[in-house]
Amino acid sequence: MSFLFGGGNRSVEGSVDPAKIEMAVAELDMITDVFNRLVNSCHTKCISQTPNNHRYVEGDLLKGESVCIDRCTAKFFEVNKKVGERMSAMGSAAQATGTFGR
């Protein structure tokens, strides 16, 4: 988003391209969605919900919770990366063969 704050070329001094603003907003929405899915997934998996071990009794994460969240986050981003690479390859192949969107 450096193009919003002085990075990149501007056609008219002091103006910002509305298309770039729209792209930045869309990118921010996607990043927010990924973050929310990560938090929901790892929180559900790693933070204890059993009656004997009530949530948020401690001010900090327990060691097991911390390790679980660390691993969950790493796995989430690794899968996200692989899915992105696979979709990119499929899109490139479809464009090359002319079957994109069919």
Side-chain angles (χ1 to χ4, degrees):
M1 283 199 262
S2 63
F3 55 81
L4 293 176
F5 304 106
N9 296 330
R10 292 187 210 170
S11 58
V12 178
E13 189 62 36
S15 69
V16 178
D17 185 4
K20 288 184 179 182
I21 295 288
E22 189 175 328
M23 286 177 18
V25 169
E27 184 177 357
L28 184 59
D29 288 344
M30 287 188 293
I31 290 169
T32 301
D33 178 57
V34 169
F35 176 77
N36 287 334
R37 285 187 289 123
L38 169 69
V39 169
N40 290 335
S41 176
C42 293
H43 184 271
T44 300
K45 180 178 179 180
C46 297
I47 306 300
S48 179
Q49 298 181 27
T50 59
N52 296 339
N53 191 5
H54 297 287
R55 289 183 179 197
Y56 312 119
V57 174
E58 301 288 326
D60 294 325
L61 290 172
L62 302 174
K63 178 148 178 102
E65 293 171 336
S66 182
V67 170
C68 180
I69 288 175
D70 191 41
R71 289 179 181 164
C72 182
T73 302
K75 288 178 184 178
F76 186 92
F77 281 117
E78 184 64 29
V79 168
N80 198 8
K81 177 182 169 190
K82 286 181 180 181
V83 168
E85 289 171 351
R86 181 71 183 249
M87 290 181 70
S88 178
M90 289 171 58
S92 296
Q95 281 184 331
T97 60
T99 59
F100 190 73
R102 293 182 189 173

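Since this is a predicted model, take the numbers as computed values, not measurements.
Note that CG of L28 is 13.5 Å distant from CE of M23, once rounded to the nearest 0.5 Å. With rounding to the nearest 0.5 angstrom, the CD atom of E65 is 10.5 Å from the CG atom of D60.
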Run the side-chain donor-acceptor check on residues 70-84: report pairs under 3.5 Å with partners two or more places apart or on a different chain.
unit_1	atom_1	unit_2	atom_2	d
T73	OG1	I69	O	2.8

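With sequence neighbours excluded, no residue forms a side chain to side chain donor-acceptor pair (under 3.5 Å) with D29.
Judged by distance alone, the side chain of S41 and the main-chain N or O of L38 form no donor-acceptor pair under 3.5 Å.
Listed by first then second residue, pairs satisfying salt bridge (Lys or Arg N to Asp or Glu O under 4.0 Å) with a partner in residues 30-39 read D33-R37, not counting sequence neighbours.
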